[in-house]
Amino acid sequence: MKRVALLSLLIFTITTTVFAQESNNDEAYYALIDTVKNIKGKRLKEVNVASYPQKNPVNIGKAGIKSMDLPQATAIISSAVLTNQQTNSLTDILKNTNGVYIMGTTGGYQEEIASRGFPLSSSNTFKNGIRYFNGMSIETSGLEKVELLKGSAALLFGNVAAGGILNLVTKKPKNELGGEIGFRYGSFNTIKPTFDIYNSIGKNKNMSFRINGSFEKGNSFRDFVHSERSYINPSFLIKLSDKTELLLEADYIKDNRTPDFGAGIYNYEILDLPRNRFLGVSWGYYNSKQTLATATLTHELSKNWSLNFINSIRFYETDLFSNTRPNPVIGGNITANGDWTRSIQRTENKDDYFIQQTDLKGTFATGKINHQFLFGYDVESFKTYTTAYQNFINYDVINIFNDYNPTLEPLIPTLNKNTLTSTPINRFGVYIQDLARLSDKFKLLAGIRYSYQDTKNEVLSYASNSTSISTNYDGAFSPRLGLIFQPSENYSVFASYSNSFEINTGQDALGNALKPSLIDQYEIGIKTKILKDRLFINLTGYQITNENFYQQSLNNGNTYSYIKVLAGEVQSQGIELDIVSNPFKGLSLIAGYSFNETKYIKSSYFIEGSQLKYNPKNTANFNINYNFEGRKLNGLSVGLINTYFGTRYAGRPTRVQIANDSRKLIYVPDYFQIDATMAYAYSNWTIRAKISNLLNELNYNIHDDNSLNPIAPRNYSITLTYDF
């Protein structure tokens with residue numbers, strides 16, 4: 001029944017685009033309007049119109065190649081979409097994408113991203129082109145847009161997973177006075193004041209600034225779970241000359257919340273527990289903070305050539321102190337009657353990161369062949385420190401079938417330090433890429449990168465005062481080749497191949513350094529833009545093969561995340577369909593479908609042909625927003641956000657080398673979720689309302705063999721903003 005409903009919505013997309021042929025032809029309605037002025041120079045009210053600029057290049061692509069010329073699937077989620085949908089989390093944002101999704105919510109304090117069957121770690125998550133730590137909550141109020149570059153991005157960024165990269169683009173300075181203040185109130189006593197202000201500095205307006213921030217505090221639908229988050233994002237743009245600009249940006253977030261590992265599974269079966277039941281310790285915490293500072297110097301060498309120079313530093317700290325997840329090694333198993341003997345854990349992480357990146361890009365011609373050229377290099381340095389404490393065993397015994405009573409908790413235990421793992425990483429990469437226009441219809445994209453990385457892993461044991469050290473030096477070339485055929489400017493057919501090189505940090509159970517992963521990717525697709533850029537349809541097919549796929553070892557009860565096992569060779573195959581349309585004035589449609597199958601094709605550890613856990617085979621979305629214009633309903637907008645998340649598996653794959661292995665996968669059913677939005681703007685005021693999970697669907701994010709988090713039940717938020 002869910003699939004029938006979704007199919008009918010997709011059919012509606014096509015019919016509305018047909019209707020668009022007889023609708024208003026004013027193309028101004030189909031561009032993103034941030035600020036407009038009348039002829040007297042007076043600022044008019046900011047207008048959000050239906051916009052999804054698929055034809056524009058993604059900044060994360062570095063070379064400025066337009067989407068139609070890139071042999072790769074891309075997506076841009078504009079500020080209009082973020083505003084209309086009242087996004088407040090990464091989960092909300094990814095409801096507009098296919099093949100990129102939230103695969104888990106470990107402890108309820110992070111949103112774990114995956115794309116095309118592969119997890120996207122912090123190496124694949126960027127903010128303004130700089131790697132960003134995604135092991136904590138991500139604030140969305142400061143975002144201007146979100147970019148997705150699916151598939152291989154190794155040529156541009158080196159050590160990244162195969163599924164793609166996500167780039168969060170923050171709001172930029174403007175040289176006129178303006179801004180917004182707002183206040184949001186929502187379910188579970190959640191409050192969130194926000195502010196955003198920008199202006200120029202000086203009479204000549206050669207300097208401008210912008211500063212925005214937010215504070216959010218609230219409870220949860222889970223008992224005894226609380227959160228508090230502070231965020232600030234200042235930026236300055238300095239015009240040094242007619243050809244040179246300096247952009248200074250800072251980004252700071254502090255997030256404190258109660259860890260919640262769920263624990264609603266027995267013998268690899270999901271238990272029917274109340275959605276609000278909390279089974280952690282009420283005093284537990286996950287405190288995290290992150291600071292990012294970036295200086296970007298852009299210089300126009302000539303009409304056709306420019307130089308981009310970036311220096312950036314990033315720091316993050318996390319401190320987890322809570323109960324452990326249930327497991328047979330250290331966390332304590334849950335018995336058939338629901339008794340659980342709990343243990344306590346603590347882990348601290350710190351990371352210092354630095355990057356220096358230079359890009360030279362431009363256009364030139366050799367005879368009749370036009371070139372769009374990119375040359376660059378980057379130098380990166382990571383210093384990560386992880387302090388693991390000795391677990392406190394047998395803290396207490398609770399029964400998961402009873403409501404949790406925090407007054408019965410014993411005193412908070414004192415834990416001793418167990419190990420300190422230091423992982424300094426130095427990385428260097430140099431790359432060159434050229435998009436050559438061979439004729440009016442054929443283009444060729446070719447490039448290659450060389451990456452070198454040295455990784456040192458030091459593990460200090462406090463008990464024995466001894467240190468084990470492993471060092472790894474790796475280097476490899478990552479080529480890329482793509483052919484584009486464009487029978488007209490509105491159609492593009494492409495095929496591409498890339499080979500990437502991924503460093504695997506950590507060590508095996510014997511203390512040996514891990515082998516690097518070599519990844520082959522093939523991608524074919526069709527991109528279309530028709531009806532005067534009101535309709536974009538992209539269809540993509542791909543195959544990704546990782547010959548050395550490592551996963552965290554579970555033999556130690558998740559205590560040492562740096563110990564990993566070689567799972568074998570993994571292959572991901574799939575198709576993606578994306579439809580974006582502004583069929584007529586005021587209406588915006590975003591729809592799509594993704595099929596993916598990621599499985600072990602060669603493995604001596606897991607069953608060959610078995611599917612990787614957490615990855616749904618099918619995902620789909622159909623999102624619609626309509627802005628009314630007329631005397632009676634002017635200023636009113638309504639929207640629906642429809643998402644389908646297919647069946648997937650969690651738990652632990654069966655090991656082939658262990659007879660009658662007790663491990664097995666957990667079947668997680670599919671679900672269909674609807675969110676509804678409404679907004680009304682009058683003068684400088686706007687009131688927005690949102691109901692999430694309108695049908696009160698019940699489903700789960702599972703992140704271990706006995707640990708899960710239910711998705712939030714039906715909830716609401718109301719936001720009042722004032723623009724100036």
Original post:
Which atom names give the shortest non-hydrogen contact between Leu273 and Ile400, and what distance separates them?
Top reply: CD2-O, 3.7 Å
Original post:
Any ion pair linking Lys599 and Glu597 (charged N to carboxylate O, less than 4.0 Å)?
Top reply: yes
Scan the side chains in residues 405-412 for donor-acceptor partners under 3.5 Å anywhere in the protein, sequence neighbours excluded, and list what turns up.
| unit_1 | atom_1 | unit_2 | atom_2 | d |
| --- | --- | --- | --- | --- |
| Asn405 | OD1 | Thr407 | N | 3.2 |
| Asn405 | OD1 | Thr407 | OG1 | 2.6 |
| Asn405 | ND2 | Thr407 | OG1 | 3.3 |
| Glu409 | OE1 | Ser282 | OG | 2.9 |
| Glu409 | OE2 | Ser282 | N | 2.7 |
| Glu409 | OE2 | Ser282 | OG | 3.2 |
| Glu409 | OE2 | Tyr404 | OH | 2.5 |

Original post:
So, Asp251 and Arg314, do they make that salt bridge, N to O below 4.0 Å?
Top reply: no
Original post:
How far apart are the closest heavy atoms of Ala263 and Leu279, and which atoms are they?
Top reply: O-CD1, 3.2 Å
Original post:
Which atom names give the shortest non-hydrogen contact between Arg714 and Leu695, and what distance separates them?
Top reply: NH2-C, 4.0 Å
Original post:
So, the side chain of Thr654 versus the backbone of Arg663: is there a donor-acceptor pair under 3.5 Å, distance only?
Top reply: yes
Subject >> Taking every non-hydrogen atom, the tightest pair across Ser141 and Lys192 >> reply: CB-NZ, 4.3 Å
Original post:
Using 30° and 60° as the class limits, which term best fits the ring planes of Tyr109 and Tyr286: parallel, tilted or perpendicular?
Top reply: parallel
Original post:
Can you tell me if Ser288 uses its side chain to pair, donor with acceptor, with the backbone of Asp255 under 3.5 Å?
Top reply: yes
Original post:
So which heavy atom on Leu166 is nearest to which on Ile113, and how close?
Top reply: CD2-CD1, 3.8 Å
Subject >> Test of ring centre spacing under 6.0 Å for Tyr600 and Phe606 >> reply: yes
Subject >> Nearest heavy atoms of Gln86 and Ser717, plus distance in Å >> reply: OE1-OG, 4.3 Å
Original post:
So among Thr318, Thr386, Thr384, which one has a side chain to side chain donor-acceptor pair (under 3.5 Å) with Asp351?
Top reply: Thr384
Original post:
Between Asp319 and Arg346, is the closest basic N to carboxylate O distance under 4.0 Å?
Top reply: yes
Original post:
Between Arg222 (side chain) and Arg277 (backbone), is there a donor-acceptor pair under 3.5 Å?
Top reply: yes
